[in-house]
Amino acid sequence: MSWEKVKLGDVSESCLGKMLDQRKNKGTYKLYLANVNVRWGSFDLENLQKMKFEDYEDERYGIKYGDLIICEGGEPGRCAIWKEVLPNMKIQKALHRVRVNEEMDYRYVYYWFLLAGKQGTLKQYYTGATIMHMPGQKLKEVVIDKPPLGVQRRIGYYLESFDNLIDNNQKQIKLLEEAAQRLYKKWFVDLRFPGYEDVKIVDGVPEGWKKVGLAKIAPIVTGKKDANFGIDNGKYLFFTCAQEPIKAPSYSFDCDAVILAGNGDFNVKLYRGQFEAYQRTYVFSPHNSDSLYLLYYAVKDSMRQLFQGASGSTIKFLTKRMLEEILVFVPDGDILIRFNQNCESFQKKIEALKIQISLVQEARDRLLPKLMNGELRYKQ
């Protein structure tokens, strides 16, 4: 089927976000999205930052329901649809806001970009020798297929139904993670663990417990070559600072570990098995496997405070010394066993939901090219 081809700039208006400049920016502090907050099809809103915006800038840098938020750098073209999860959100210069006109369905345009990103179609619009960018003019020149509006809407509606299911499962995962995090805080921060009423507190530490630095529980290792984890060709999942697993040549690990992005969004993941890590990613594999969940939730609990003290004006980063200063309560065996049992129950549910997500993504990705090239027609 032959569909009309148009330049994105002819069917939308776009705007690059505001430059982060603490010396020049004026106005009121407001939340904004940065490159690290945008995933394919979703937003990570855990560690949003603020900058000053003046009232007249609200229209230019503000975003509305149905706007496509597209990365200018990092992975140019990566995008998601803003659905007003938070009110009055703004964007930083590393992002484009694309608002399509009445000829286009915003969901269809998102899925066109998703397919183009998977197939490498967007690379012809990149600039830069080492760090790739897609400036505003190049974005406007992106040529997209334009089927009839009714067809666009049907395609967008159908593919969105897959992503809604994925989103629901991701929300359940978040709730389970939050439940485990609350349990950690109650037992190991507030010290309201089972039987705490009968335990003496000596110098702020429950009797029989220890309070130790993070490095005592797990060595703080990065993906650097001198860590003796180097390999020539990638064959395992590879975690970048954005924590998006791909396969690439890097440094290999085969262990149960907590993985922390050392800059950007400071994402924390628990991973079991074989994987690889980029040199700006920290890997913690505990000396004692029974400490894995304790380590994971201790690191997550520390991230908000560490994020505030992180170095860097544009891209914040953590140092090894900052991580070494994290102190963790290590309980006696019985409390640790009970904590692990609770966390393992949460984790099994999380892993089952992740399998469902993977299956739904595979089904969507099989249909995506067929719908977008007109090979498969969908009728409501």
Side-chain angles (χ1 to χ4, degrees), residues 1-15 38-43 63-72 74-83 95-127 132 134-170 244 246-247 356-380:
M1 178 182 295
S2 178
W3 287 336
E4 182 183 357
K5 292 187 179 295
V6 296
K7 290 184 178 180
L8 184 64
D10 292 336
V11 291
S12 69
E13 67 87 9
S14 58
C15 173
V38 181
R39 303 284 184 260
W40 276 113
S42 65
F43 297 92
I63 55 179
K64 301 177 181 179
Y65 191 104
D67 286 346
L68 265 70
I69 311 303
I70 301 178
C71 293
E72 188 271 346
E75 184 187 355
R78 187 175 72 228
C79 63
I81 300 168
W82 183 250
K83 297 182 178 179
L95 298 173
H96 298 283
R97 181 206 67 209
V98 172
R99 191 170 292 164
V100 300
N101 64 23
E102 67 279 358
E103 302 174 58
M104 305 299 297
D105 181 87
Y106 63 88
R107 295 169 302 182
Y108 168 82
V109 177
Y110 161 71
Y111 287 111
W112 186 94
F113 268 86
L114 178 63
L115 181 60
K118 291 178 179 295
Q119 296 180 336
T121 308
L122 296 174
K123 291 182 179 179
Q124 61 186 300
Y125 302 102
Y126 293 176
T127 63
M132 299 293 104
M134 187 159 58
Q137 188 55 44
K138 287 289 186 181
L139 180 66
K140 294 177 187 292
E141 293 173 2
V142 171
V143 176
I144 66 173
D145 295 305
K146 183 192 172 191
L149 184 57
V151 174
Q152 293 180 44
R153 288 173 174 165
R154 289 195 293 272
I155 291 173
Y157 176 83
Y158 187 51
L159 290 172
E160 188 180 47
S161 66
F162 288 85
D163 282 331
N164 287 341
L165 180 56
I166 291 169
D167 185 54
N168 287 335
N169 282 350
Q170 288 172 335
E244 296 176 353
I246 59 175
K247 289 191 176 181
Q356 291 181 29
I357 288 173
S358 179
L359 292 173
V360 175
Q361 285 176 332
E362 288 176 7
R364 180 204 63 193
D365 290 347
R366 284 196 301 270
L367 290 170
L368 181 61
K370 296 180 179 180
L371 286 168
M372 299 302 288
N373 65 20
E375 178 184 341
L376 183 64
R377 297 188 185 185
Y378 169 67
K379 295 182 180 180
Q380 287 181 296

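Just so you know, these numbers come straight off a predicted model, no measurement behind them.
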To the nearest 0.5 Å, what is the distance between [atom1] ([X]) and [atom2] ([Y])?
X: Ile81; Y: Phe113; atom1: CD1; atom2: CZ; value: 12.0 Å
X: Met372; Y: Tyr108; atom1: CE; atom2: OH; value: 4.0 Å
X: Glu13; Y: Leu8; atom1: CD; atom2: CG; value: 10.5 Å
X: Lys370; Y: Glu375; atom1: NZ; atom2: CD; value: 5.5 Å
X: Arg97; Y: Ser12; atom1: CZ; atom2: OG; value: 10.0 Å
X: His96; Y: Lys138; atom1: NE2; atom2: NZ; value: 12.5 Å

Flag the pair [X] / [Y] as yes when at least one side-chain heavy-atom distance between them is below 4.5 Å, and no otherwise.
X: Ile166; Y: Gln361; value: yes
X: Val98; Y: Leu139; value: yes
X: Tyr126; Y: Lys123; value: yes

Legend entry - side chain to side chain contact (heavy atoms under 4.5 Å, CB included) evaluation trace for Asp145 with Lys5: CA-CA 5 Å; Asp145 295 305; Lys5 292 187 179 295; 2.6 Å; yes

Taking [X] for its side chain and [Y] for its backbone only, find out whether a donor-acceptor pair lies under 3.5 Å.
X: Tyr125; Y: Val143; value: yes
X: Tyr111; Y: Glu160; value: yes
X: Arg364; Y: Asp163; value: no
X: Glu103; Y: Val11; value: no

Residue pair [X] / [Y]: nearest heavy atoms and the distance that separates them:
X: Ala80; Y: Ser42; result: CB-N, 3.4 Å
X: Ser14; Y: Lys140; result: OG-NZ, 3.2 Å
X: Leu122; Y: Pro76; result: CD1-O, 4.2 Å

Legend entry - Criterion side chain to side chain contact (heavy atoms under 4.5 Å, CB included) on Met132 and Glu75, from CA distance to verdict: CA-CA 7 Å; Met132 299 293 104; Glu75 184 187 355; over 6 Å; no

Side-chain donor-acceptor distances from residues 64-71 under 3.5 Å, at least two apart:
from: Asp67; atom 1: OD1; to: Arg99; atom 2: NE; distance (Å): 2.8
from: Asp67; atom 1: OD2; to: Lys64; atom 2: N; distance (Å): 2.7
from: Asp67; atom 1: OD2; to: Arg99; atom 2: NE; distance (Å): 3.4
from: Asp67; atom 1: OD2; to: Arg99; atom 2: NH2; distance (Å): 2.9

Legend entry - Trace of the side chain to side chain contact (heavy atoms under 4.5 Å, CB included) decision for Val38 with Leu95: CA-CA 9 Å; Val38 181; Leu95 298 173; 3.7 Å; yes

Legend entry - side chain to side chain contact (heavy atoms under 4.5 Å, CB included) between Val100 and Asp105, intermediate numbers included: CA-CA 7 Å; Val100 300; Asp105 181 87; over 6 Å; no

Legend entry - Which residues share a side-chain contact (heavy atoms from CB on, under 4.5 Å) with Asp10, sequence neighbours left out: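 So Asp10 forms a side-chain contact (heavy atoms from CB on, under 4.5 Å) with Lys7.
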
Inset, instruction - Not counting sequence neighbours, which residues clear ring-ring contact (aromatic ring centres under 6.0 Å, His included) with Trp112? List them please. - result: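 Trp112: no ring-ring contact (aromatic ring centres under 6.0 Å, His included) contacts found.
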
